[in-house]
Every structure is written in structure tokens, then in C-alpha cells.
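Worksheet for the structure shown next.
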2 protein chains.
Amino acid sequence: MVDILGTLSQEMDGLSRSEQRIAGIIFDDRPFAVNASIIELAARAEVSPPTVTRFCRRLGCQSFSEFKVRLAQSAFIGQRYEEPQSNATNVQEVVETILTRAQSVLHSLHDHLDMDAIDAAATAIAKADMVYAFGSGGNSSLFAGELQNRLFRLGLRTSSSNDHSMQLMTASTVSANDVVIGLSISGRNRELVRALDVASGYGAKVITISKPNSLVAETAATNIGIDLAEGVDVLRPSSARFAFLAAIDIVAHLVAIKRKDLAIEPLRRIKSQLVTHRDGDDSQPLGD
Amino acid sequence: MVDILGTLSQEMDGLSRSEQRIAGIIFDDRPFAVNASIIELAARAEVSPPTVTRFCRRLGCQSFSEFKVRLAQSAFIGQRYEEPQSNATNVQEVVETILTRAQSVLHSLHDHLDMDAIDAAATAIAKADMVYAFGSGGNSSLFAGELQNRLFRLGLRTSSSNDHSMQLMTASTVSANDVVIGLSISGRNRELVRALDVASGYGAKVITISKPNSLVAETAATNIGIDLAEGVDVLRPSSARFAFLAAIDIVAHLVAIKRKDLAIEPLRRIKSQLVTHRDGDDSQPLGD
DNA sequence: CGAATTTATGTAAATTATTTTCTTGTTGAT
DNA sequence: ATCAACAAGAAAATAATTTACATAAATTCG
């Protein structure tokens, strides 16, 4: 089930004037919208009740009350309606802007993710002899590290690198049952492309998480496509990272499921080491 | 707003037989209860609609629809953190579970984030002579790297370390206008605590992003508290990471605003280097 | 530019959901 | 056994929501 307010914020342009007025009230005063009857909501938006019904239908709900329930469940933060987005300067606004954008990114990921690619990637990784994760630059090298961080726990032999020369050399040593994962937001990292091509030439299965149809994506047997417009404000951190991390989470979780029996023991050992050598609290996440 | 399901389980004894039957259905099948009309719910509990109305009133709601909204809110919060675990084995479900949880984490961050701490942290960082970011373990070392990745772009001298010995040695070299940022999900990283204490002793301003009231948090002049219950399923990646990254994004963005004039030039230079040495596409995020 | 068509929206009627009122039945104390 | 007090349903009243239809606005196309 998808978050209704996430959907709403994406569909905004497709709405008519009256419908946008309704949406405005919903973003502006969620407590009111959640508790109001269709008549009250219609009155406040200065539209007729049937318009509200139509509005709900357009968002994929079968009735107004279904819409209300979904609205009540929504975890979407959303910004005050009037706010012109990017000149937010006070703390409250920055917090709202960044969290809302992160949520929107996750929401749109939900719509665009290629489930088959995800599944193919997880299947290949789960039975790999060795997994290599390659990425460079401020963001993608973080992703490569993260992939290693997730996969080694599942008892997979994993190595990550953000160094082009190492990637190239490593790629020359792979064998047929290995998986090489290439990460790139832009999809234009030519050094990475070279390394992936080499790995592919030596028979490794190449998986990428990158922009669809990009240079990097073209090198892969399976590409998990992530394509999100970045804002223009250079001061604003790129929220694509949330999408990449979520994609990595999803793949890693699926690998964990596919390797369930193999993964339990390494996880148990890691936990036991941490608990023994730290301070015996068993309830913490695995690794700080 | 009180949690209606909590209220319900407390009031259980005070309910009549019919009302308990209604309660039973609500506990048993919340998706049904949340979507059903009063007639459907009454039919399933084999009671009459007025009995359902009375039931809602007894729980402090003014009407059935108010009850339903409250139920939707509280049921969903439970549902979000509760494990739909073992049955989430197909790709679609895993994707939804992970994205929903990530979104919920961001939502709850929005509710709990201490704006004053955020602002104080950003102010201190923005005018620091040098910024050190310390974190260890699979997750927190990633955060430390991320913090460096964000801050160096703003023309701040920044260094990060995930090595306890280095942290300790580095902490011995700090001076009064430096800022040291400690990162820890659990708040129990004793080696980090030691390094932060040392840095603090030499006059640096210590900021932490960690669990409120934890050992790590106690060392700081300013702690940005993040406390999110982790699921119990060891196979599932910890979604606290999204909260930490979002917090880092927020702080970094505020620093960027506070340093606006100082930050533009380094950003321009980074971009120009990337564009010159890669392939002239100006529309990409800063760094792959 | 203006007719034709589509789309958006409101009004009023029909339907459905919910609550109120009233009645009956049940339980348990005296 | 009788009376209170409570529980719960039936039917009626009310309120909310949707449907069907009509009209106005916007858009397309000649």
C-alpha cells in the first residue's frame, strides 16, 4: 500500500483548480482534513461535495472514507502549501524541505523500481562465490561501502573499492561465479565502465545500480535503474542518495531471505562478538 | 493524542460481551476494521450498528468515524514497526516494507528532532576552523564519511575517521575553534566517548548525533538525539540509517545556508573540475 | 476566430451510513 | 418474585455520501 500523500504531491500538476484547492487544505491542515466530513472539507475548499469525491477517486481511492483512512495513515510530512520551496532559511523549513524531499524520492522509487531487475540481482548475489562492489565519488563510494557492509553479514565474501586502478586490477582477477556490482548516480563514470567491461569479459556477472540507459547501465547484465531529477539548488544535498540506499537495502534484504539458512550463523557470530566485547546489550542494531 | 488501541486494551474489562466481540475483531483484523463501515463491522461482530456506536463512545470518541480515523492512525503506527516479517518474501512486499519503514522513520524524525540542537550544531560547524567527524562500525563510519563528503564542499576543512586510535590521537591535537562530531547509533561506543572527552578537554566544541541520554550524547555540548526502535528481525537492514543521513543532510544544508557566501566558490570549483575532466554535463549532482 | 468537443463543476435526487429514540430482554440484588 | 440497572436490538430520523444529470468553462480543431 502506497502513501497517499506521497501520491498526491506527485500528482499535483494533473489536478484541476478546484482539486488543487482541496489538496492545499489537506497539506495545510492535516488534522482538519482527517477529521472533517466531506461537506466540511468541501465548504472549506469552496467546492461542492461531489468534487471532493472525484478528487478522492482520482487519487485511486474508491470512496471519500477510504481516502480519509489512507490520509490518517500517511506518514508523509509535506510542506506548507504556500511555501516557495528553495529559499527556506529557518531550521523548521529546512527540516521539512529535506525530509519531504527524501520521502518523495522514496515514494517515486516505489513507482519506478524494476522488480524483475531487483529479483535477478538478488538471486545472482545470493549464490555468488565472491561479490565486488565498485563506486567512486562522494556518493557512489559510500554506496559501495554500504553494499559491502550489508552483504558480509550474510556470509558472502565481499569486497568494495572506490579506487579506479584497484577496480580495474580487481576486475582482471574475477571468475565466472563472481558478481561485480557497479554503482553510479550519473551513469557516466567511464573508469567504472572500463572496469565493469573487463569483469564482464572474464565471465563475472555484472550488476549495476545506475541511471537507466546510461553508459554504466549498458555494461550490465542486470541494471537496477534509478533516475531522479535533482534539484537545481547547489547548496542542497542530493536526495538521490536516499533512493540508492533504499535500493541497496531492498537488494540486501532479498539476498538475506534467499540465503536465510546460510546467513543466520554469520549474523549470530557478529552479534555475539559485539555483545561480548562491548557491553552486553543485545537489543542494538548489528554494528554501530 | 492518545493511542486508541492502547486505550482499548486497557478498557477491555469494562466492556460488555458484545463490545468485547467488537474489540476482538479490531485486534484480530485491523485492516478490515479500518476499512469497514459501521454496518459491516457490526455484522461481522454479530451485533447491531448502535452497539458499535456505543462502543466508540465508550472509548472516548464522539462518533464512529472519529473512532475509525483514530484507529487508522494508531493501527498504522503499530503496523509500521511491527514485523510483517516472514511473510514478506516476495519482491513486491519487501520493496513496500522497506520503503514504508524508511518513510516512517523520516516521519518520526520530523516529530522528534530537536530544532535548537540542530541549529546550534550548524552554527558551530559553520564557523569552525576545522571539523572532525568520528564514527565506527558498519553504520556510523559511513555517517562520518558522509559528513565529510557534505562539509568539504562548503569550503570547510574537514576530516573523518573510523579508527579508534586515530580518533584518540586526532582528538589530542584539536584547538578551541575546532568542532568534533561524534556519531553513534547505539550511543555506547566507549572508545568514541574517550576520544570525544579528550577533544572536549582540549577546548574543542563537541557535537554528537546519537541516542539521547546515552554515554556518547553525554560527552557533547550539543547532542542531536536520534532514538528509533529497531525491528527485531536481524535479517532486515536497520532503518535508523535513514534518520541519521537525513539529520546529516539537514545539518549540512543549514551550514551551507549560514556559509552561503563562503560556500559558493568551492562548490563552483568542484563542479568546474568535474565538468572539465568528465564529460561536460552540467546537470549532474555534485560528485557521482 | 468561432464552432465543436472535451473537461470541470455544481445542483438536486437517490442512496447509503450513522445516530437517536424507544422498546425489550437480561442479570443480579433484595 | 420484583425491581433496578444495564445491554442490545428495531425502527425511525438524521446526516453523509454518491449518482445522475445539467451547465459552464476550457480547449481543440477547422
Side-chain angles (χ1 to χ4, degrees), chain A residues 4 7-74 81, chain B residues 4 7-75:
Chain A
I4 192 87
T7 310
L8 177 54
S9 69
Q10 284 186 334
E11 302 273 302
M12 267 307 222
D13 339 323
L15 299 180
S16 72
R17 198 138 1 98
S18 304
E19 288 171 333
Q20 293 204 353
R21 227 160 38 235
I22 299 169
I25 286 166
I26 289 164
F27 279 119
D28 244 29
D29 191 350
R30 191 108 55 94
F32 168 81
V34 160
N35 292 303
S37 74
I38 197 172
I39 294 167
E40 293 165 326
L41 182 57
R44 181 140 162 202
E46 297 177 299
V47 301
S48 65
T51 302
V52 176
T53 299
R54 284 187 283 256
F55 169 86
C56 300
R57 298 258 163 85
R58 191 181 290 243
L59 291 168
C61 296
Q62 206 259 312
S63 68
F64 174 70
S65 58
E66 183 188 328
F67 171 77
K68 244 173 55 167
V69 165
R70 296 249 254 143
L71 186 62
Q73 294 178 330
S74 173
Y81 189 55
Chain B
I4 194 86
T7 313
L8 179 54
S9 52
Q10 282 179 337
E11 303 275 304
M12 264 310 220
D13 335 326
L15 299 179
S16 73
R17 197 136 7 96
S18 303
E19 288 171 333
Q20 294 204 351
R21 228 166 30 242
I22 299 169
I25 285 164
I26 288 163
F27 282 121
D28 253 29
D29 191 349
R30 280 184 302 211
F32 168 80
V34 156
N35 292 303
S37 73
I38 197 171
I39 293 168
E40 292 165 327
L41 182 57
R44 181 137 161 205
E46 297 178 298
V47 299
S48 65
T51 301
V52 177
T53 300
R54 285 187 283 257
F55 169 86
C56 299
R57 298 258 161 84
R58 190 180 292 242
L59 291 168
C61 296
Q62 207 260 312
S63 68
F64 174 69
S65 57
E66 185 189 326
F67 171 78
K68 237 171 62 166
V69 165
R70 296 247 255 142
L71 184 64
Q73 288 172 335
S74 111

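Note on naming: letters A, B, ... go to the chains in the order of the sequence lines (proteins, then strands), and numbering restarts at 1 for each one. Any value given below was found using the heavy atoms of this structure, including those in side chains, with hydrogens, waters and symmetry copies removed.
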Starting from [atom2] on [N], measure out to [atom1] on [X] and report it in whole angstrom.
X	N	atom1	atom2	result
B/Leu15	D/dA8	CG	C1'	14 Å
A/Arg21	C/dA8	CZ	P	14 Å
B/Ile38	C/dT19	CD1	C1'	8 Å
A/Phe64	C/dT15	CZ	P	22 Å
A/Arg17	D/dA24	CZ	P	17 Å
A/Glu19	C/dA8	CD	C1'	8 Å
B/Ile39	D/dA16	CD1	C1'	12 Å
A/Leu41	D/dT17	CG	C1'	13 Å

Would you give the length of the straight line joining atom [atom1] of [X] to atom [atom2] of [Y], rounded to the nearest 0.5 angstrom?
X	Y	atom1	atom2	value
A/Glu19	A/Arg21	CD	CZ	10.5 Å
B/Cys56	B/Ile38	SG	CD1	6.0 Å
A/Ile22	A/Arg44	CD1	CZ	13.0 Å

When we call it a touch if two heavy atoms are under 4.0 Å apart, what does [X] touch: a base, just sugar-phosphate, or nothing?
X	value
B/Val52	nothing
A/Ser63	sugar-phosphate
A/Arg57	sugar-phosphate
B/Gln62	nothing
A/Ser37	sugar-phosphate

For a quick test of reading the model: is some side-chain N or O of [X] closer than 4.0 Å to OP1 or OP2 of [N]?
X	N	value
B/Arg54	D/dG9	no
B/Ser18	D/dA7	no
A/Ser16	C/dT9	yes
B/Thr53	C/dT19	yes

